[in-house]
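Residue indices begin at 1 and follow the sequence shown. Ligands are counted one by one from 1 in listed order, and the atoms in each one are counted from 1 as well.
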Amino acid sequence: MSEERSLNFLEEIVEEDIAAGKNSGRVLTRFPPEPNGYLHIGHAKSICLNFGLALKYGGKTNLRFDDTNPAKEEVEYVDSIKEDVKWLGFEWANELYASDYFDQLYAFAVAMIKKGLAYVDDSSAEEISVQKGTPTIPGKANQYRSRSVDENLALFADMKAGKYPDGAKVLRAKVDLAAPNMHLRDPLMYRIKHTEHHRTGATWCIYPMYDFAHGQSDAIEEITHSICTLEFIPHRDLYNWFIEKLDIFPSKQYEFARLNLNYTVMSKRKLLQLVEDGHVESWDDPRMPTISGLRRRGYTPASIIDFCERIGVAKRENMIDVSLLEFCIREDLNKTAWRRMAVLDPIKMVITSYPESETETMFSENNPEVEGGEGGRDIPFSRELWIEREDFMEEPSKKFFRLGVGLSVRLKSAYIVTCNSFTKDADGNVTEIQCTHLPESKSGTDTSGLHVKGTIHWVSVPHAKTAEVRLYDRLFRVEDPSNEDGDFKEYLNPNSLQILPNAYIEADLAKAIPGKGYQFIRKGYFTLDKHSTADKLVFNRTVTLKDGWVKK
Ligand code: ATP
Ligand code: MG
C-alpha cells in the first residue's frame, strides 16, 4: 500500500466534512451485509473501504446485519460473516442487527402515518405496479391514498396484529406519484409476511422494506457516511426524504462502483446455486470467490487488502482481471512462504553411482527472500529419488535443459547428475531413469567447476510422504458468465479442479502449519486444506509461480 497515492473521492468527502466541522469531525461508517450467504471478494472491497475510512480518520465502523427479510436469512451466515471480517483483520465497534430496530421502525411508520405521509393500500403488487405508471407516464392515485389518518393507524395496527394474510395490504409512503424518479412514486414501507425471523421469531408478521430500514438504521446509529454501491443511486432521494420527514439524524449516502471480477460470478444468489447444485463442494470451496474460499485456497488477508487498495475506488462499473488478485497473493507469498520440495507427477530416478545403504542430509533455507533465510531444514538424500516426469525427455529437444540420456542437471541443494539410461514398461511408458552423480559437485562445497543450465527438485524415495494435491483453474470458461446467453452455469469450466492423489512430498511437509503458505519449488504456492489429516495430507495450490494462464 503506497502512502503517496492521491485521495479517493470518498476520502475527499470525509476530509471536506471534517474541515467543515460536520458531526464535530466524527466519522462513523457501517458494513451492512444481509446474512443470506457468505461474503465474497466484492464484500471485501466494501469492508476495506468502510473500515479503512474510519481507521484513517480516527472513526469507527459498525457491523450491522441487514436482516429485514426473514425468509432468506440464517444464523450460519451471520457466524461466517463475523469470522470473515475478523480474519481480514478488522474490528467493528458494535455488532448490530436491523431487526433490533423493528420496534423503533414501527414507531417511525406510525409517526409517518400521523403526519399524513403514509397510507395502507389494499391493492395487489400487480395493481400497484400498473398504477405507478412508467418513467414517461405519471402514476395514478387509487382510492386508498385518501384514507384518513385514523383509518390508516387502525389498519396498520391490524396488519401488525396478524389480521391479514401475506400480500393483502401494504403500507406505502405518500410521496409523489408523478416523480421522475420511480422510487418516489409512493414506495412500499411495510409488507405482510407470516414468516419467522431468525432473531425475532414469530413476534412480527410485518417487515419493513429496504428503503424504510436502511436509512433509518443508519440514522439510529448516527452513521455519518453510509457507503453503498452504484445501484442505490436511485434510492438516495428516498433515503433523504424519509430522514427529513422523520427529522432524524441526517446520515448521508455515498455510492461507489461495485467490484466485478472476471471468470467468476459474485452474486450470493448465484453462488448459492453453485453450492446447492453441487458444482462446488461448499461456500468455501477453494474455487469460490468467497472470502472463506480464498482463505481455504491459501490467500492471506494482506493479499486481499492489497488487492482492494490497488483497484481503488471507482464511480463507474468496470471488470477487474483476476490475474491482479493472483499477482497480489504471489507478491505476498514470495516474501513469506517457506520453500519445500514436492513431486506432483513422479517418476523414479536411480543414482547408480551412489551407495545403496547411504543417506545424507542436505540443508536448505526456509526462505531465501529474507536475511538469514528464516532457518532451514534437513532434506534426506539417497540413491533413489522421485523427480517430476516432465523433467525427463526420451528424445530431448535442443533447448531442453533438464534430463535425457547424456544430459546433466543439478538436483536442488544436492549434486549434479548425468542421465545414462532409462527403463520402459510394456506399454512404452518410462518407469525409471538411471543417472550417475558427481560427488565433488555437492551444493555449498562444489569444486567440480561444472556449470549446468537446469536445476530440478526431487524427493528421496524412502523418506517421501504422500499427499493429495489439488490444482485449481478458473471456475468459469468465460470472462463474464452472467452476461452470456442462457444459464450462467453452462459456462462452468469442467477442468477447474484437478486432483493428484499421489504426490510425493518432503517429509518435513508433514509438519506443515494450517493457514501457512509453502512454495513447492517450481510448482507454485500451496497450503494445507482444512480437511487435511495426519493420515491423509491434502494440499491446495493457491496460485502458480508465474501467470501462465492463456485464454482458451
Ligand atoms: P450480492 O448481490 O452479491 O448478493 P449484496 O449487495 O446483495 O451482494 P449485501 O449483503 O447487501 O450484498 O452487501 C453488503 C455490502 O457489501 C453492501 O454495502 C454492498 O453494497 C457491498 N457489496 C456487495 N457486493 C459488492 C461488490 N461486488 N463490490 C463492492 N461492494 C459490494
Ligand atoms: Mg443485498
Side-chain angles (χ1 to χ4, degrees), residues 8-10 29-54 61-69 71-74 76-82 84-85 88 90 92 96-99 198 209-211 213-215 217-218 221 223 225-236 239 251-276 283 288-294 304-305 307-320 322 324-325 480-483 488:
N8 66 47
F9 79 94
L10 291 168
T29 58
R30 87 285 173 266
F31 173 62
E34 183 177 351
N36 62 346
Y38 281 59
L39 297 182
H40 52 60
I41 182 82
H43 294 115
K45 174 73 212 172
S46 173
I47 291 169
C48 289
L49 205 52
N50 280 297
F51 284 88
L53 270 179
T61 305
N62 286 344
L63 173 61
R64 181 201 314 142
F65 290 98
D66 199 350
D67 59 350
T68 52
N69 193 1
K72 296 187 298 182
E73 295 151 2
E74 284 176 37
E76 175 197 346
Y77 297 138
V78 168
D79 293 341
S80 75
I81 289 168
K82 290 198 302 193
D84 289 348
V85 176
L88 283 173
F90 297 108
W92 51 87
L96 302 164
Y97 294 80
S99 57
H198 75 116
M209 305 299 291
Y210 172 87
D211 287 317
H214 203 89
S217 302
D218 285 343
E221 294 171 21
I223 299 296
H225 300 82
S226 176
I227 297 157
C228 60
T229 40
L230 295 182
E231 67 271 24
F232 290 98
I233 290 178
H235 295 252
R236 196 202 305 142
Y239 181 103
S251 298
K252 286 268 175 271
Q253 173 183 306
Y254 302 95
E255 310 86 7
F256 73 102
R258 65 196 295 117
L259 163 64
N260 299 305
L261 199 62
N262 60 8
Y263 297 102
T264 194
V265 292
M266 212 100 95
S267 105
K268 284 180 277 189
R269 191 176 53 78
K270 291 191 175 124
L271 295 175
L272 177 65
Q273 279 183 54
L274 294 179
V275 176
E276 287 187 332
W283 280 97
M288 292 280 268
T290 50
I291 296 178
S292 51
L294 290 166
I304 293 173
I305 291 167
F307 171 72
C308 291
E309 179 76 11
R310 281 172 195 268
I311 58 182
V313 187
K315 279 195 203 178
R316 208 171 295 170
E317 294 269 350
N318 60 352
M319 178 74 87
I320 303 290
V322 66
L324 179 63
L325 182 62
D480 191 0
S482 309
N483 227 348
F488 75 99

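Partner of N50 under the side-chain contact (heavy atoms from CB on, under 4.5 Å) criterion, out of T29, I223, N62: T29 alone.
Ligand-side atoms of ligand 1 in range of T229: 20 (O), 29 (C), 30 (N), 31 (C), range being under 4.0 angstrom from any heavy atom. Which parts of ligand 1 touch F256 is read off a 4.0 Å heavy-atom cut-off, strictly below it: atoms 29 (C), 30 (N). Taking a cut-off of under 4.0 Å to the non-hydrogen atoms of P32, the atoms of ligand 1 that pass are 14 (C), 18 (O). Within the listing of ligand 1, atoms 10 (O), 14 (C) sit less than 4.0 angstrom from a heavy atom of P33. Heavy-atom proximity to M266, at under 4.0 Å, picks out these atoms of ligand 1: 3 (O).
Backbone and side-chain nitrogen or oxygen atoms of C228 are examined, and none is located within less than 3.5 angstrom of a nitrogen or oxygen of ligand 1. Ligand 1 has an N or O atom lying under 3.5 Å from an N or O atom of R258, backbone or side chain. The N/O atoms of H40, backbone and side chain alike, include one that comes under 3.5 Å of an N/O atom in ligand 1. For ligand 1, the polar-atom distance check against K268 finds a nitrogen or oxygen pair separated by under 3.5 Å.
At least one donor-acceptor pair closer than 3.5 Å links the side chain of T290 to the backbone N or O of W283.
Note on ligand 1: R269 sits outside its first shell, no heavy atom being nearer than 4.0 Å.
With 3.5 Å as the limit, one finds no donor-acceptor pair spanning the side chains of Y77 and E34.
Heavy-atom proximity to atom 12 (O) of ligand 1, evaluated over H43, E34, E255, is greatest for H43. Summarising the contacts of atom 25 (C) of ligand 1 with S267, A257, S46, G42, the nearest heavy atom is found in G42.
Residues H225 and L10 are not in side-chain contact: their nearest non-hydrogen atoms beyond the backbone lie 4.5 Å or more apart.
Residue contacts with ligand 1 for F232 are absent, since no atom lies close enough (heavy atoms, distance under 4.0 Å).
Ring centroids of H235 and Y239 are separated by 6.0 Å or more, keeping the two rings apart.
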Full working for side chain to side chain contact (heavy atoms under 4.5 Å, CB included) between H214 and F232: CA-CA 11 Å; H214 203 89; F232 290 98; over 6 Å; no
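With sequence neighbours excluded, the residues forming a salt bridge (Lys or Arg N to Asp or Glu O under 4.0 Å) with D84 are R295, listed by chain and number.
Under 4.0 Å is where a charged nitrogen must lie from a carboxylate oxygen, and between E221 and R30 no such pair does.
Ring pair F31/H43 is perpendicular by interplanar angle, where above 60° counts as perpendicular and below 30° as parallel.
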